[in-house]
Amino acid sequence: MQTLDKDEAVEQATFDQRISDEQKIEPTDWMPDDYRKNLIRQMSQHAHSEVIGMQPEGNWITRAPTLRRKAVLLSKVQDEAGHGLYLYSATESLGITRSQMIDALQSGKAKYASIFNYPTLTWADIGAIGWLVDGAAIVNQITLQRTSYGPYARAMVRICKEESFHQRQGYEIMTVLAHGTQVQKQMAQDAMNRNWWPSLMMFGPHDSESAHSSRSMGWKIKRMSNDDLRQKFIDQTVPQIEALGLDMPDPLIKWNEERGHYDSGEINWEEFYQVINGAGPCNYQRIKHHKAAHSEGEWVREAVRSYRQKQQDKKTENAA
Amino acid sequence: MNNTIKSNEQSPLYRFVLGLADDSVVLSHRLSEWCSNAPYLEEDIALSNIALDYVGRARMFYQYAAEVEGKGRSEDDLAYLRSEREFTNLLIHELPKGDFGFTMVRQFLLDAFYNLYLTQLVDSKDETIAAIAAKAIKETRYHLKRSEPWIRQLSEGTEESRSRIVRALEELKDFVGEMFLMEEWETSLVEQGIAIDRAALQPDWDRYIQGFLGESGIEFGDAQLQIRGGRNGIHTEHLGHMLSEMQYLQRTHPGMEW
Ligand SMILES: [Fe+2]
Ligand SMILES: [Fe+2]
């Protein structure tokens with residue numbers, strides 16, 4: 001018993017040293033249980049967000065207004081599915097299976113980005129999502145390229161390369177609408193207004209309220225605090241709103257010379273917790289859709305398993 | 001007898017290219033409906049990818065059709081501002097996506113068809129058509145490499161999957177004959193070395209499909225001409241619903257940039 005504890009203390013010290021030396025932790029390395037759990041929580045949540053995010057955007061693929069827009073949107077949503085896939089595999093390296101993660105998503109145990117619990121009501125939402133939601137995701141993901149867990153950091157490097165295209169296509173949609181007819185301009189303004197606050201909420205609660213933040217920062221899973229990331233996003237986005245010639249979605253947005261940042265209004269935290277806890281406009285619909293697709297696909301997965309088993313049996317028979 | 005609206009004044013080349021464009025856009029719509037609905041995340045990706053290949057084909061064919069027509073219309077005018085009676089896709093492309101088995105069986109039948117068709121179309125004397133075909137045949141070979149193992153696995157997987165495959169074949173049987181039905185104006189283009197004699201592809205197609213399915217003990221008869229009309233704008237009831245969805249923004253807000 002004593003030796004075990006001693007070994008564990010040595011392992012812990014080695015782990016701590018590696019974290020402090022900015023070395024990556026790899027799947028076969030020893031890691032504290034809580035570090036592993038925390039990573040599984042964050043990475044699976046990230047994977048689920050990519051997957052659930054396909055629904056609001058997929059909602060416009062068959063109604064995209066031009067063939068070029070349709071092609072761009074299809075390839076964007078396809079990228080998001082790909083991100084979900086690498087993130088699921090990266091998370092599997094921590095000793096959990098994809099189907100366990102999917103169960104957790106469907107039972108509500110695992111979360112996904114609450115932005116996807118809002119509806120995409122008009123075509124302009126597709127612009128606003130690419131611009132604001134992917135924009136916010138990039139701010140966060142760029143810092144995660146330096147996260148301490150190797151497979152997660154590498155997944156982020158790959159994903160970030162594609163995200164900048166996502167944001168550009170969204171901003172381009174907004175630019176065309178903002179410079180279009182009155183109807184289009186209104187569509188753009190409305191979509192921005194509706195998506196603005198939920199995009200700020202993507203960064204999570206204030207640092208002082210965040211349950212996981214400080215521990216994750218200590219482990220270098222998170223590299224920048226929620227509030228700092230949110231400020232960074234606001235600072236980069238306000239000039240883009242000006243460039244589009246749209247009205248600010250928040251009347252309190254104002255440059256603060258002293259801080260060197262934009263000031264802005266307070267998020268409606270009641271809404272934030274309400275949506276996180278399952279009562280957003282589309283929470284029920286998103287999970288219901290996911291479950292329906294998954295259960296409709298069961299016969300296919302069963303057929304694949306059965307076919308593989310039969311092939312395996314044939315091989316064994318031939319060998320015998 | 002000619003049932004197509006305004007078709008008399010359209011040149012054979014325009015009608016030919018337009019038909020290929022309509023085939024592609026309509027199939028891509030059906031494939032894209034799988035996004036977020038597939039049995040595996042990998043299939044969401046794969047089906048979106050095939051849908052994307054077909055949008056790409058649609059754009060190239062529409063651009064060329066617009067050029068041949070010479071009335072200053074764009075690819076989007078052709079895709080978004082023609083009605084169901086003006087669409088000239090072969091009917092098999094427009095059938096609702098059905099279950100995963102139906103989608104894969106249709107794709108398999110079409111991949112096998114395009115594999116034969118495009119292999120010849122790359123030699124079209126029309127350089128633009130030949131170039132589009134050269135790009136498309138590479139995609140189609142890859143699509144067929146994917147649909148073959150799917151049909152095999154589902155045919156030999158479980159009793160349920162096999163019965164779904166058999167049912168899909170039954171539902172599609174009436175629509176395959178039209179793939180080999182030549183229109184008069186298309187025949188004139190064959191004589192000029194521009195189009196392909198689709199009717200002549202049928203024996204190879206029959207042999208391939210029957211051979212492949214036969215290995216899994218599934219019988220499928222020779223393609224027979226049953227339901228027809230797509231190339232003349234006579235469709236199933238499904239197309240109108242598809243177009244009302246696809247064209248909704250362009251129709252609601254005419255003349256805008258997007
Ligand atoms: Fe993503
Ligand atoms: Fe993205």
Side-chain angles (χ1 to χ4, degrees), chain A residues 47 50-75 77-82 84-85 88 98 102 122-123 173 176-177 179-181 183-184 187 289-290 292-294 296-311, chain B residues 21 25 28-49 51-52 55-56 58-59 62-63 74-76 78-80 99-101 104 149-150 152-162 164-165 242 245-250 252-253 255-258:
Chain A
E50 303 282 0
V51 170
I52 296 294
M54 293 165 68
Q55 290 180 38
E57 292 192 282
N59 184 36
W60 282 91
I61 290 173
T62 55
R63 292 181 293 168
T66 68
L67 294 175
R68 186 172 82 88
R69 294 278 177 224
K70 189 193 287 284
V72 169
L73 182 58
L74 251 173
S75 76
V77 177
Q78 189 195 14
D79 283 352
E80 305 299 7
L85 207 56
Y88 280 134
R98 205 204 294 186
I102 289 174
T122 70
W123 170 247
I173 291 173
V176 172
L177 295 175
H179 295 103
T181 63
V183 170
Q184 287 174 308
M187 213 186 255
H289 179 124
H290 194 276
H294 195 69
E296 166 55 30
E298 185 50 36
W299 71 270
V300 178
R301 294 189 297 275
E302 203 187 314
V304 169
R305 284 191 294 269
S306 157
Y307 180 79
R308 284 187 190 150
Q309 188 58 50
K310 286 177 190 167
Q311 294 304 104
Chain B
V25 86
S28 103
H29 187 108
R30 289 305 184 208
L31 288 164
S32 76
E33 289 173 331
W34 278 101
C35 190
S36 85
N37 291 304
Y40 296 91
L41 192 49
E42 285 83 348
E43 282 307 303
D44 284 303
I45 297 175
L47 291 169
S48 304
N49 201 30
L52 205 49
V55 179
R59 294 188 66 193
Y62 279 132
Q63 284 163 13
S74 68
E75 60 180 69
D76 292 323
L78 294 176
Y80 291 91
D99 65 5
F100 185 74
M104 289 320 298
W150 267 119
R152 186 69 72 219
Q153 290 181 85
L154 296 178
S155 301
E156 300 183 18
T158 59
E159 243 169 74
E160 180 180 5
S161 67
R162 185 182 183 85
R164 288 188 191 236
I165 293 300
M242 176 195 285
E245 184 176 349
M246 183 178 117
Q247 298 178 337
Y248 136 77
L249 271 173
Q250 290 270 1
T252 313
H253 306 290
M256 297 184 190
E257 293 287 315
W258 295 97

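Note that the coordinates shown come from a computational prediction; the quantities given were computed from them, not determined experimentally.
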Can you tell which of A:Lys310, A:Gln55, A:His294, A:Glu57 has the highest number of heavy-atom pairs within less than 4.5 Å of chain B? A:Lys310

Using a 4.5 angstrom heavy-atom cutoff, name the option from B:Glu75, B:Met242, B:Glu160, B:Glu42 with the most pairs to chain A. B:Glu42

Per-residue contact mode, B:Arg152 against chain A (heavy atom under 4.5 angstrom): both

Heavy-atom contact with chain A under 4.5 Å, split by part of B:Gln250: side chain

Any chance you could lay out the salt bridge (Lys or Arg N to Asp or Glu O under 4.0 Å) test for B:Arg162 and B:Glu159, step after step, and finish with the verdict? CA-CA 5 Å; B:Arg162 185 182 183 85; B:Glu159 243 169 74; over 6 Å; no

Heavy-atom proximity to chain B below 4.5 Å, by part of A:His289: side chain

Taking every heavy atom of B:His29 against every heavy atom of A:Lys70, the minimum-distance pair comes out as ND1-NZ, 4.3 Å

Do you know which of A:Trp299, A:Tyr88, A:Trp123 has the most heavy-atom pairs under 4.5 Å to chain B? A:Trp299

Honestly, the part of A:Leu177 sitting under 4.5 Å from a heavy atom of chain B is side chain

Part of A:Arg69 within contact of chain B (heavy atom distance under 4.5 Å): side chain

Can you tell which part of A:Val77 gets under 4.5 Å to a heavy atom of chain B, answering side chain, backbone, both or neither? side chain

Would you kindly say whether B:Asn37 and A:Glu296 are connected by a side-chain donor-acceptor distance under 3.5 Å? no

So which part of A:Thr181 gets closer than 4.5 Å to some heavy atom of chain B, the side chain, the backbone, both or neither? side chain

So, the side chain of A:Arg301 versus the backbone of B:Pro39: is there a donor-acceptor pair under 3.5 Å, distance only? yes

Mind checking the CD-CD1 spacing from A:Glu80 to A:Ile52? Nearest 0.5 Å is all I need. 13.0 Å

B:Ser36 to A:Met54 - nearest heavy-atom pair and separation: N-CE, 3.7 Å

Working to the nearest 0.5 angstrom, can you tell me the gap between A:Glu302 CD and A:Gln309 CD? 12.5 Å

I need the minimum non-hydrogen distance between B:Thr158 and A:Ser306, along with the two atoms involved. CG2-CB, 3.8 Å

Which heavy atom of A:Ala303 sits nearest a heavy atom of B:Leu154, and at what distance? CB-CD2, 3.9 Å

Do you know the tightest heavy-atom contact between B:Met246 and B:Ala79? CE-O, 3.3 Å

Using heavy-atom distances under 4.5 Å, tell me whether A:Gln184 contacts chain B through its side chain, its backbone, both, or neither. side chain

At a heavy-atom separation under 4.5 Å, does B:Tyr80 approach chain A through its side chain, its backbone, both, or neither? side chain

Pick one of side chain, backbone, both or neither for B:Ala51, based on which atoms fall under 4.5 Å of a heavy atom in chain A. both

Most heavy-atom pairs under 4.5 Å with chain B, out of A:Val300, A:Ile173, A:Val176, belong to A:Val300

Angle class for the B:Trp150/B:Tyr40 ring planes (parallel below 30°, perpendicular above 60°, tilted otherwise)? tilted

Please give me the minimum heavy-atom distance between B:Ser161 and B:Gln153, naming the atom from each residue. OG-O, 4.4 Å

For A:Arg98, which atoms come within 4.5 Å of any heavy atom of chain B: side chain, backbone, both, or neither? side chain

Are B:Met104 and B:Leu47 side-chain neighbours, meaning at least one heavy-atom pair lies under 4.5 Å? yes

Who in residues 58-67 of chain A is close to chain B, using a strict under-4.5 Å heavy-atom cut-off? A:Trp60, A:Ile61, A:Thr62, A:Arg63, A:Ala64, A:Pro65, A:Thr66, A:Leu67

